[in-house]
Amino acid sequence: MRAVDALMECLKAEGVDVVFGIPGGANLPTYDAFYEAGIRHILVRHEAGGGHAAEGYAKASGRVGVSLGTSGPGATNLVTPICDAMMDSVPVVFITGQVRTELLGTDGFQEADILGITMPIVKHSFMIQHPLEIPRTIHEAFHVARSGRPGPVVVDIPVDLSRVDIEYEPAGEVHLPGYQPTTEGNQKQIRLAAKAMVGARRPVLYVGGGVVNANASAELTELALADRLPVTCTLMGLGAFPAPHPQWLGMLGMHGTRTANYAMDEADLICAIGARFDDRITGKLSEFAPRAKFIHIDVDPAEISKNVPAHIPIVGDAKNILPRLLNEYRALEPDTSRLDGWWERIDGWRRQHPLGYEDSADAEIKPQRLVQALYEATGGDAVVTSDVGQHQMWAAQYYHFNAPRNWINSGGLGTMGFGLPAAMGAAVARPDDTVICIAGDGSVQMNMQELATCAENGIPIKVFVMNNGYLGMVRQWQELFWDKRYSQVDMGRWPDFVKLAEAHGATGMRFTEKSTLVDDIKTALATDGPVLVDVRVTREENTYPMIPAGAAARDMVG
Amino acid sequence: MGEPGTKEVISLEELEAAGMGRTGRKHLLSILVENKPGVLSRVTGLFARRGFNIDTLAVGPTDDPSLSRITLTLDGALHPIDQVTKQLHKLINVLKIRDLEPDETLARELALFKISADGAQRAEITQLVEIFRGKIVDVNRRAMVVEITGTQDKIEAFERLVRPFGLVEMARTGEIAISRGRGET
């Protein structure tokens, strides 16, 4: 069979049920093979949309997403999703077409050195050099993408090689001698961690996206509940622990709750699980959690002691480690009452500094109110995607995620335009769930075109554009730190989102009234097919609380 | 130094101070990699991305034709090297990395020196070459080419000695290294 037909067999063997992509000159053979391969292909409108959709699919399902593009611009359009998947550890295989081998390096038409361009932003990449390599490479790509710390893998296939007739044999075991992720976790270290936790009087579990990736939420929750351990999650970890919950401190970091940040500040032991001490978490590094000892559990050894030195490092998969940590912990028969004082302190912060905002006196919709109304209207069970900016932080703060893989956003790279295509991918992965996208009016316009893809394919995402007519987060920084010199943040009056939605084959709505908001949202959710709602919100609302740039957690404002 | 998003102006002195702490002892890394296209670029890219300047770099085959050894030296304080070696470990084509301890390592480099040498100077240079256990590989009326093998220190010492004669050109391979004893590097 042709190498591309073998490619299809490999995709099927890997359990791929859907791919997102766009054909072009250099991947014409691949698309010919799709014609009768029996794999669902969703034709997106821009490769970046397809890449983010594959990410949304992967994040919502835990399976490997697949995204395709042709050579040259098709491939370079995938660069942002590739980098995004790298930063947030999303398992996606990107398959790009390449010019025929004799043209390589000659500036051929639609030639781009996509392997070179993406080298610093991939978990791994392959350039096919012989047609017989295709099957093995595809399996290796999937293995690398999904195992260890997940991430993006690029496979670049020169068009001539993809047309070659080859003998296809289903590939056996992958052989990658240089790739053996540590997953088990050292038992001695686990015992040491349990001892430290039992001895701690002010412990905090600091949970990141790694717990979601490891499908270890249940194990984490069991550990936390074993002894009333306080839990806080990063932006990427939301949903790993069911919120709201008495042991839930809220999100931590720049726009986290005061309770979570103060608890980190005063903790004597911080157990970081699948989290990487990002600068949005630590604030001023020299003043981050000054009293704490650190246990650091991560599948990626390069994360250990990268930003904050770990006293007890444990390299491995949280899914393996957490149950063993729990066993060791229980065996030591911890005295739960030692945490009484700590909980009193935490409850004091909770009473004093609940998350809040001043609601409008009139019909005006406050952006925070919109998220609360969405939570109410969906019963807290929707899959929520977001773009990047103020609306993302409000969504993280006010939509209490009670299950993993229900919160899908771009955390590490902070990619505007991520939310709408990611919602499309999530809805494809989980057709029985309600999928909503909380977008900003700035962000949504960066990948708006995929609304047509949704309409074309009957993908019923519900997009709520928090429209304040500003690049809101930048405006907020200009207001707070740059003397209110608003430079290039006013988006003006256009476009008309309702008309734009309709032009894309979706239903367009506009909400301006607070009192009927929940019912209006329910109407939107009950509408068939994709819906985009222009929600007019307060123009100059700030996201609080906030750790100002370069400040310490205890100096939060707002 | 303030966060990028804030408006305080950063002085050049602050900027330079922030980049300090990167020069420490010399490190000699021995990296065993798969012998495939693009692998060298992946390895060196990790250094370039961090603003590390590689001082010497030598790549060649090993006893196993499917593997190559990259030996590189660079200056660095301990922590940044630690982070970069951890990242190197994550590269799928990298099998093994050793940050070689000088006491347990045999390191050698080969250098070629083209020295201007008129009749009178030739004898003196020849004597130096003998002392350094080097080899004269080419000679003509006005110049000679000398091959020296040894540690970086030895090569640098020879360079200092012949420079006054008129050093026309020098080419060095960069160090290669192997560990002492029975165990693999």
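Just so we're on the same page: letters track the sequence lines, and every chain starts at 1. Just so it is clear, the values below take in all heavy atoms, side chains as well, and ignore hydrogens, waters and symmetry mates.
Chosen from P120(A), P177(A), G148(A), A551(A), the residue pairing most often with chain B at heavy-atom distances under 4.5 Å is P120(A). Here R42(B) is the residue among K96(B), R42(B), E34(B) with the most heavy-atom pairs under 4.5 Å with chain A.
Listed for the K86(B) side chain is a donor-acceptor partner under 3.5 Å among the backbone atoms of I304(A).
In this structure, Q129(A) and P37(B) have side chains that are in contact, with non-hydrogen atoms separated by less than 4.5 Å.
Proximity to chain B is absent for every atom of V474(A), based on heavy atoms less than 4.5 angstrom apart. With a 4.5 Å cut-off on non-hydrogen atoms, L91(B) touches chain A through its backbone but not through its side chain.
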Can you list the steps and then say if R49(B) with M119(A) is a side-chain contact (heavy atoms from CB on, under 4.5 Å)? CA-CA 11 Å; R49(B) 214 179 309 160; M119(A) 209 162 265; over 6 Å; no
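With values rounded to the nearest 0.5 angstrom, N93(B) atom CG is found 4.5 Å from H124(A) atom NE2. Interatomic distance, H89(B) NE2 to D300(A) CG, rounded to the nearest 0.5 Å: 12.0 Å. Note: Q180(A) CD to L95(B) CG = 8.0 Å, rounded to the nearest 0.5 Å.
Taking a 6.0 Å sphere around NZ of K154(B), one finds it holds more than 12 heavy atoms contributed by other residues, nucleotides or ligands. Atom CG of L167(B) has more than 12 neighbouring heavy atoms from other residues, nucleotides or ligands inside a 6.0 Å radius. Other residues, nucleotides and ligands contribute more than 12 heavy atoms inside 6.0 Å of the CD atom of E540(A).
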